[in-house]
Asks: 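The following block contains the structure, expressed as structure tokens.
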Amino acid sequence: YFYCEKLEKDFAKYHKRKFALLTPNCTSAIHLFLHCLNLKASDEVIAPECTWIASISPVYQTRAKLVLSDIDRKNFCISVDDVKKKITKKTKVIISVNLYGNMANYKELEKICKKKKIHLLEDAAESLGSTYYNRKSGSFGSASVFSFHRTKTMTTGEGGILLLDNKKIFDRCKMLRDHGRGPKTKDLFNEEFSFKYMPSNMQAALGYSQFKKLPLLLRKKRQIFKNYKYYLKDVSKKISLNEDNKIVKNGLWAIIVVLRNYNSNTVKKIFQKLKKKNYFPRPLFYPISLLPAYKKKNKDNIKKNINAYQTYKSGLVLPSSYILKKKDIKIICNLIKDTIK
């Protein structure tokens, strides 16, 4: 059974996209799209300052220049106001990352990109099941990508997918995905030197079985979020959780807690207390320009994006596994409340 093709077709349809290409991981899906655009050394790609490095490392695999944009403090996603300041005639792509299932201001981003003829790439790795004005994440921009890493809402063990609407871009990406072999390739007569970003049928079979029970997986994630919200209601004025409201319905891949009155010492204490009880939170994503990898590539003085540098120490990612029990969430929340108080 051709599970790769089956999952690609159904996943694209679910997100109201025309085409899909499975890849070994989400990073390779981003690179595949960027590479197909034939970016030049004079071209620029704008991306958010706070994200996992996989969102921006493919830019360095092209010849284009990376431009880091500040984030919106409300949702940790790319700041539209800052994007407007950083767009130039050289801007060819804007990468918007739906961090922790939160969604950027896509109404404005799509408007800007259409007017300026810029490609918008939606990194939906963390937002499967999220919606923005009832429109599914993964349906915005020229292309979107999802991650099927073992920690994600649905998994293929390790994997990713690229969603597209443009037939010309899809055909080129499909050819590039398999050593430069396209539908018109004669035998082993490759069209271009390329890479191999092909999926396996076994991975796709696992992914398809997960996709069929996606509503159940999303309900489980929402129940985890509801339990955290309930047990933290006593300190609701002092903290904020994932964005989840009338505009954005969050897929809730991972639950975050952010202290409204920023205090890094309190965050550190929460970390320590949870680890002592064998619960393992994660820090929020560091600003990209703070990473040693970025500093090696950029020797000049780095102008800090203020929001990104002010918010990354203000909270943490809470345990969000499917096997997390209600009693565990209660213990975690009590430790957080005791520390805040």
Side-chain angles (χ1 to χ4, degrees), residues 4 7-9 11-12 15-41 43-48 51-67 69 78 83 90-98 104 106 109-110 112-114 116-128 136-149 152 156 158-183 191-199 288:
C4 289
L7 180 56
E8 286 173 342
K9 182 183 175 182
F11 200 80
H15 290 94
K16 296 186 178 177
R17 289 286 201 181
K18 292 180 181 176
F19 310 107
L21 289 168
L22 283 167
T23 53
N25 48 62
C26 187
T27 314
S28 52
I30 295 170
H31 180 226
L32 189 62
F33 175 71
L34 294 178
H35 186 83
C36 90
L37 301 177
N38 296 318
L39 298 171
K40 301 186 289 291
D43 294 333
E44 294 176 349
V45 177
I46 298 175
T51 183
W52 174 229
I53 195 170
S55 300
I56 58 94
S57 60
V59 178
Y60 285 109
Q61 293 174 288
T62 70
R63 291 173 292 173
K65 179 187 174 185
L66 175 67
V67 178
S69 170
I78 199 164
V83 164
K90 298 176 182 179
T91 306
K92 293 292 183 282
V93 184
I94 294 172
I95 300 174
S96 175
V97 184
N98 303 335
Y106 280 104
L109 283 174
E110 286 198 317
I112 292 165
C113 289
K114 187 177 181 181
K116 303 278 186 180
K117 295 183 180 178
I118 297 168
H119 285 290
L120 175 61
L121 173 59
E122 181 195 2
D123 184 342
E126 300 179 3
S127 60
L128 181 58
K136 286 187 177 74
S137 78
S139 65
F140 296 91
S142 304
S144 52
V145 292
F146 284 92
S147 170
F148 300 143
H149 183 263
K152 292 299 188 288
T156 57
E158 173 66 279
I161 198 166
L162 170 65
L163 301 181
L164 299 154
D165 290 320
N166 185 292
K167 179 72 163 59
K168 189 177 177 181
I169 292 177
F170 166 72
D171 286 341
R172 176 154 175 77
C173 285
K174 191 172 184 180
M175 179 269 292
L176 290 170
R177 185 179 65 160
D178 188 20
H179 287 307
R181 295 195 297 176
E191 296 173 41
E192 286 188 37
F193 287 108
S194 187
F195 21 75
K196 189 172 186 181
Y197 285 161
M198 294 294 287
I288 293 294

Asks: Is there a donor-acceptor contact under 3.5 Å from the side chain of E191 to the main chain of G180?
Replies: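 Not confirmed, E191 side chain does not pair with G180 backbone.
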
Asks: Side-chain contact test, heavy atoms from C-beta onward, threshold under 4.5 Å: evaluate it for T51 versus I95 and give yes or no.
Replies: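 No. Closest side-chain heavy atoms not under 4.5 Å.
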
Asks: Could you report the tightest heavy-atom contact between S28 and P24, atom names first, then the distance?
Replies: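 Heavy atoms only, the tightest pair is OG-CD, 3.4 Å.
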
Asks: For residues L21 and Y197, determine if any side-chain heavy atom of one lies less than 4.5 Å from a side-chain heavy atom of the other.
Replies: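 No, their side chains stay 4.5 Å or more apart.
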
Asks: Pairs in or reaching into residues 170-180: which pass salt bridge (Lys or Arg N to Asp or Glu O under 4.0 Å), with residues at least two apart or in two chains?
Replies: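 Listed by first then second residue: E8-R177, K167-D171, R172-E192, D178-R181.
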
Asks: Could you pull out all residues at least two apart from H149 that satisfy ring-ring contact (aromatic ring centres under 6.0 Å, His included)?
Replies: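 ring-ring contact (aromatic ring centres under 6.0 Å, His included) check on H149 returns nothing, list empty.
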
Asks: How many angstroms lie between atom CD1 of I56 and atom CD of Q61, to the nearest 0.5 angstrom?
Replies: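 The CD atom of Q61 is 10.5 Å from CD1 of I56, to the nearest 0.5 Å.
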
Asks: Which heavy atom in T91 sits nearest to a heavy atom in I94, and how many Å separate them?
Replies: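 Minimum heavy-atom separation between T91 and I94: CG2-CG1, 4.4 Å.
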
Asks: Just verifying a value: how many Å separate D43 CG and N38 CG, rounded to the nearest 0.5 Å?
Replies: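 It is 10.0 Å, given to the nearest 0.5 Å.
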
Asks: Between S144 and E122, is there a donor-acceptor pair closer than 3.5 Å when you use the side chain of the first and the backbone of the second?
Replies: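 It does not hold such a pair.
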
Asks: Can you name the ring-ring contact (aromatic ring centres under 6.0 Å, His included) partners of Y60, sequence neighbours left out?
Replies: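 Once residues adjacent in sequence are excluded, Y60 has no partner under the ring-ring contact (aromatic ring centres under 6.0 Å, His included) criterion.
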
Asks: Does the side chain of C173 reach to within under 4.5 Å of the side chain of L176, using non-hydrogen atoms?
Replies: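 Side chain of C173 against side chain of L176, heavy atoms only: no contact under 4.5 Å found.
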
Asks: Tell me the closest heavy-atom pair linking I161 and L22, and the distance in Å.
Replies: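 Minimum heavy-atom contact is CD1-CD2, 3.8 Å.
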
Asks: Among L164, L163, L162, which residue meets the side chain to side chain contact (heavy atoms under 4.5 Å, CB included) test with F170?
Replies: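 The option that passes is L164.
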
Asks: Can you name the residues that form a salt bridge (charged side-chain N to carboxylate O under 4.0 Å, His left out) with E110, not counting sequence neighbours?
Replies: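 Only R135 meet the salt bridge (charged side-chain N to carboxylate O under 4.0 Å, His left out) criterion with E110.
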
Asks: Would you say I118 and E44 make side-chain contact, with heavy atoms under 4.5 Å?
Replies: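 They are not in contact (no side-chain heavy atoms under 4.5 Å apart), so the answer is no.
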
Asks: State which residues pass ring-ring contact (aromatic ring centres under 6.0 Å, His included) with F33; sequence neighbours excluded, sorted by chain then number.
Replies: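 ring-ring contact (aromatic ring centres under 6.0 Å, His included) list for F33, sorted by chain: H119.
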
Asks: Taking the side chain from S137 and the backbone from S127, do they hold a donor-acceptor pair closer than 3.5 Å?
Replies: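 Yes; at least one donor-acceptor contact below 3.5 Å.
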
Asks: To the closest 0.5 Å, what do you measure between CD1 (I169) and CG (L37)?
Replies: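 One finds 6.0 Å between CD1 of I169 and CG of L37.
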
Asks: Please work out which of the three classes, parallel, tilted or perpendicular, describes the rings of F195 and H31, given edges at 30° and 60°.
Replies: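 Judged by the thresholds at 30° and 60°, the geometry between H31 and F195 is tilted.
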
Asks: Among all residues two or more places apart in sequence or in another chain, which pass the salt bridge (charged side-chain N to carboxylate O under 4.0 Å, His left out) test with K152?
Replies: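 K152: no salt bridge (charged side-chain N to carboxylate O under 4.0 Å, His left out) contacts found.
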
Asks: Within the structure provided, determine whether K92 and L39 are in side-chain contact (heavy-atom separation under 4.5 Å).
Replies: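 Yes; the side chains approach each other to less than 4.5 Å.
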
Asks: Salt-bridged, R17 to D165, with N to O below 4.0 Å?
Replies: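 Result for this pair is yes, salt bridge flagged.
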
Asks: Does a side-chain heavy-atom distance below 4.5 Å link N166 with S142?
Replies: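 Answer no - side chains too far apart.
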
Asks: Do you know which of I288, V97, V83 makes side chain to side chain contact (heavy atoms under 4.5 Å, CB included) with P48?
Replies: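 The passing option is V97.
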
Asks: Does either side chain, that of S55 or that of D123, offer a donor lying less than 3.5 Å from an acceptor on the other one?
Replies: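 Yes, D123 and S55 have a side-chain donor paired with an acceptor closer than 3.5 Å.
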
Asks: Is there a side-chain contact between I46 and I78, using heavy atoms and a 4.5 Å cut-off?
Replies: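 Heavy-atom side-chain distance check passes, below 4.5 Å.
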
Asks: Check whether any side-chain heavy atom of S194 sits under 4.5 Å from a side-chain heavy atom of M175, and report yes or no.
Replies: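 No, every pair of side-chain atoms sits at 4.5 Å or beyond.
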
